[in-house]
2 protein chains.
Amino acid sequence: MPQPPRRATILEVAHEAGVSKTSVSRYYSGERERLSETMRERIVSAAERLGYQPNPMARGLKGGPSGLVGMLVADIRNPFSVAIMHGVEQACRQAGLSLMVCNSDNDPNQEKAQLALLSSYRIEGLVVNAAGRHSEALHSLAQSGTPLVLLDRTLSDVNADQVGLDNAAAVDMALDHLVERGYGRVLFITEPPSLASSRQARLERFQARCAALKLPANTLITEVTTPRHIEQALKEFHRTRGPRPAILCANGQITQAVIRSVKVLGLAVGEIGVLGIDELDWCDLTDPGITTLAQPTDAIGKAAIDCLRQRQTGSGDPPRSHLFLPRLIARGSTQPPLLA
Amino acid sequence: MPQPPRRATILEVAHEAGVSKTSVSRYYSGERERLSETMRERIVSAAERLGYQPNPMARGLKGGPSGLVGMLVADIRNPFSVAIMHGVEQACRQAGLSLMVCNSDNDPNQEKAQLALLSSYRIEGLVVNAAGRHSEALHSLAQSGTPLVLLDRTLSDVNADQVGLDNAAAVDMALDHLVERGYGRVLFITEPPSLASSRQARLERFQARCAALKLPANTLITEVTTPRHIEQALKEFHRTRGPRPAILCANGQITQAVIRSVKVLGLAVGEIGVLGIDELDWCDLTDPGITTLAQPTDAIGKAAIDCLRQRQTGSGDPPRSHLFLPRLIARGSTQPPLLA
DNA sequence: TTGTATGCGTTATCAA
DNA sequence: TTGATAACGCATACAA
C-alpha cells in the first residue's frame with residue numbers, strides 16, 4: 001500500500017533550498033521583489049523539486065487574502081442561474097480569483113448551511129443569486145466586512161451592491177413589442193413575487209405600464225410545479241372575447257411551463273402571443289420560435305465581480321445598483337396579425 | 001464605521017462558559033457523550049450567545065475530517081452535467097457532506113488550477129465529470145489517498161471508481177428502438193471521442209452493433225460549434241437513396257445541434273428519425289417531440305457519493321464500476337412509417 | 001470527566 | 001536583504 005505522500009510544506013522547501021521559511025513565504029506572498037536573485041532561484045528550484053504548493057488552509061488561518069469568491073445559487077437547474085454563473089466564472093478567471101459555488105436547491109436550511117460554509121472559508125466576496133429571505137445570515141456576513149453582491153434582488157438595510165436586469169425597462173420593451181405586433185391584451189404570468197425580488201418589480205411595472213397604455217391586463221401568480229393553474233388560466237384567457245391576446249412570461253421557467261400548457265391545450269402560438277423574459281437554449285427550436293428578452297448574462301456576471309473588487313479596496317462607498325438592458329429577440333411567437 | 005466583529009473563537013466560548021477549550025472542542029468533535037450534562041449546557045448557551053461556529057480552516061489544518069466533497073465539472077452549461085450535479089448534491093445533503101463545485105469550462109489550465117484548489121482544501125473525495133486528459137493531477141490526487149469517482153469516463157492505471165451510463169446497453173436500446181420503428185439506416189453523430197471517454201464506448205458499440213444487425217451505418221464526428229458540418233452531413237444522408245433514415249445523437253448537445261440543423265434544412269423530423277441520448281428540458285416541446293434515452297441522473301449522483309463513502313472506510317478494494325441503464329422516452333421523432 | 005500543552009502550515013513582527 | 005519567533009483556531013496525546 002503506497003502510503004499517502006504528504007504534500008510538501010513551506011518548511012521542507014526552505015530546508016531543501018537552504019534558506020529560512022520566511023523567505024519562502026515571502027516568495028509566495030507577492031514579495032518576490034524584495035528577494036535577491038540567488039534566493040529566488042534556489043526557492044523556485046526547490047519548490048519545483050518537491051512539488052510545493054502553499055496550503056490555503058494555513059493561509060486562511062493567518063487571515064491573509066484567500067483569492068476565493070463564493071457564489072450562492074438558489075436553483076442550479078435554472079438555466080438563467082447557470083448562465084450568470086458562467087459569466088461570474090469568466091470574470092473570476094480574468095481577475096485571478098477562484099470561484100466556489102454552492103447550490104441551496106431552494107431549501108432555506110441548506111442555504112443557511114452553505115452560507116456558513118462559504119463564510120467560514122474566508123471568501124473575499126459573495127455573489128448571491130437566491131430568492132430566500134435569509135436576511136440575518138446575509139446581514140451578519142455583510143457586517144463582517146465581506147463584500148456582497150445581490151443578483152436579481154434588493155435587500156434593504158444591508159450594505160450590498162446590486163446587479164441585474166433593468167426590470168422596468170424590460171417590461172416596457174416587452175409591452176411595446178406586443179403592442180407593435182398588434183396584441184391588444186396581455187396576461188402576465190409569474191411565480192409568487194417574494195419580498196424585494198425582481199419578480200415584484202416586474203409585476204408592479206407590468207400593472208403600472210398597462211394602466212398607462214390603457215392595455216387590458218391580467219395577472220396569474222402560480223408555481224411552475226402546478227401546470228393545472230396555468231392551463232386553466234390560459235383556457236379562460238383564450239376563451240374571453242376581446243382584442244388579440246398575448247402572454248408575458250416573467251422568467252424562463254414560466255416560459256417553459258406556458259409553452260407546455262399551450263401545447264396541451266392545442267392553442268396556436270403566435271395567434272396567441274408569447275413573450276418570455278430570459279433566453280433559453282431551445283427558443284429557436286419550437287415551431288414557431290419563442291420571442292424573448294435575453295439578459296446579458298456575461299456582462300452581469302462581470303459586473304458582479306467588478307463590484308466585489310471595488311469593495312475590497314474602497315469600501316466606504318454607498319451601495320450601488322448596476323442595471324442592464326435586455327435584448328429583444330423577435331421570433332414567431334409574436335407575429336403580426338394575418339391579413340385575412 | 002462598524003468595525004468587523006471577528007467571529008468568536010473556541011477560546012472565547014470556553015472563557016464565556018468558564019470551561020477549558022478542550023471541552024468545547026470535544027463538544028464539536030462528536031464527543032458530546034463524554035461530557036457531563038452541566039458542561040454541555042454551559043457550552044451550548046455560551047456558543048449560542050457568541051454565535052460561535054467552528055473554523056474549518058483551523059480544523060483542516062489539524063488534519064481532521066473536513067466534511068467536504070469536491071466536484072469538478074467540465075462544462076456547467078451542459079444540462080446533463082447540471083443534472084448529475086443535482087444528484088450528487090442531494091446525496092451529499094443526505095450524507096451530511098458539503099459540496100464544493102468547480103467548473104473548468106473545458107479549459108485544461110483552469111482544470112488543473114481547480115484541481116489544485118480542491119485538493120488543497122482537504123476534500124474527502126472528488127467527483128470528476130471532465131473529459132480532459134489531466135491524468136497526472138488526478139493520479140497524484142488519487143495516490144494522496146483522496147477517493148476518486150469518475151463520471152462518464154474511465155482512466156486506466158488509477159485507483160478510482162467509475163459511475164455512469166451503461167453505454168453499450170444504451171446504444172443497443174437505441175438501435176433496437178429505431179429498427180422496431182421501421183428505420184433502416186442510421187447516422188451516428190458525436191463529438192470527438194477523447195481517450196477513454198464514454199463517447200468512445202458509444203461510438204464503438206454503435207459500429208459493432210450495426211454490423212451485427214447488418215444495419216447500414218454512417219458516422220459523423222463533429223464539434224457542436226460548427227453546425228455547417230452537421231447540416232452538410234444531414235443533407236447528404238437525407239439525399240442518399242436507401243431505407244428509412246434515422247439520426248442517433250451521442251448526447252444532449254448533439255441533439256440540440258441536430259434539431260437546429262434539421263430545422264434549417266427544412267427536413268421533417270419523424271420522417272427522418274431522431275433519437276438522442278440524454279433527456280433535455282424541451283424534448284417534449286418541439287413538434288414532434290424528441291425521443292430520448294434518459295439517464296437516471298439522481299441515481300448516478302447518489303452512486304458517486306456512495307462510492308466515496310465506501311472508499312473512506314475500506315480503501316483496499318479494487319476500483320469498481322457502477323453502470324446504469326437509461327430509460328427510453330418514445331416521442332414523435334421516431335414514429336412508425338405512415339401507411340400510404 | 002476535565003484540563004494542559006503541543007503542533008498543524010502559514011504569515012507578520014521584529015531584530016539582525 | 002534575511003532570519004528567528006510568535007501568533008492564527010483548533011484537535012489531541014497526555015496528565016490530573
Side-chain angles (χ1 to χ4, degrees), chain A residues 4-43 46-47 50-68 116-117 119-122 124 144-145, chain B residues 4-44 46-47 50-68 116-117 119-122 124 144:
Chain A
R6 284 181 318 92
R7 300 179 41 153
T9 77
I10 202 174
L11 192 62
E12 292 168 329
V13 174
H15 212 82
E16 173 86 9
V19 301
S20 85
K21 60 176 186 169
T22 306
S23 299
V24 180
S25 172
R26 285 206 177 95
Y27 182 85
Y28 284 99
S29 304
E31 299 188 51
R32 308 191 185 182
E33 331 289 326
R34 290 179 42 184
L35 297 177
S36 69
E37 189 60 32
T38 14
M39 177 72 56
R40 280 186 241 173
E41 284 173 8
R42 304 183 70 165
I43 294 179
L50 273 56
Y52 171 71
Q53 263 187 308
N55 179 336
M57 295 273 182
R59 266 190 171 158
L61 198 52
K62 249 329 223 184
S66 63
L68 240 192
L117 181 72
S119 86
S120 66
Y121 276 106
R122 275 207 140 78
E124 293 180 23
S144 81
Chain B
R6 284 181 317 93
R7 298 177 43 153
T9 77
I10 202 173
L11 192 62
E12 292 168 328
V13 175
H15 212 83
E16 173 86 8
V19 301
S20 86
K21 60 177 188 168
T22 305
S23 300
V24 181
S25 172
R26 286 208 177 94
Y27 183 85
Y28 284 98
S29 304
E31 298 189 52
R32 307 190 186 182
E33 329 292 324
R34 291 179 40 183
L35 298 177
S36 69
E37 189 61 33
T38 16
M39 179 70 58
R40 281 186 239 173
E41 284 172 10
R42 303 183 71 164
I43 294 180
V44 208
L50 273 55
Y52 171 72
Q53 263 186 307
N55 180 337
M57 296 272 181
R59 264 191 171 158
L61 199 52
K62 248 324 217 184
S66 63
L68 238 192
L117 181 73
S119 85
S120 65
Y121 276 105
R122 273 207 141 76
E124 292 180 23
S144 82

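So you know, we letter chains A, B, ... as the sequences are listed, proteins then strands, and number each from 1.
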Side-chain donor/acceptor of A/Arg26 to base of D/dG3, under 3.5 Å: yes
B/Val13 and its side-chain contact (heavy atoms from CB on, under 4.5 Å) partner, picked from B/Tyr27, B/Tyr28, B/Tyr52: B/Tyr52
Short side-chain N/O contact from B/Arg59 to OP1 or OP2 of D/dA11, under 4.0 Å: yes
B/Ser20 side chain near C/dG3 phosphate (N/O to OP1/OP2, under 4.0 Å): yes
Side-chain donor/acceptor contact of B/Lys62 with base of D/dG9 under 3.5 Å: no
B/Leu35, nearest nucleotide to its side chain (from C/dT2, D/dG9, D/dC10): C/dT2
Sugar-phosphate, base or nothing in reach of A/Ser25, heavy atoms under 4.0 Å: base
Touch class at under 4.0 angstrom, heavy-atom based, for B/Tyr27 against every strand present: nothing
C/dT4 base / B/Thr22 side chain donor-acceptor hit below 3.5 Å: yes
Sugar-phosphate only, base, or nothing, as touched by B/Arg34 at under 4.0 Å among non-hydrogen atoms: base
Nucleotide of C/dC8, D/dC10, D/dG3 approaching B/Lys21 most closely (side-chain heavy atoms): D/dC10
Sugar-phosphate, base or nothing in reach of A/Met57, heavy atoms under 4.0 Å: nothing
Touch class at under 4.0 angstrom, heavy-atom based, for A/Pro56 against every strand present: nothing
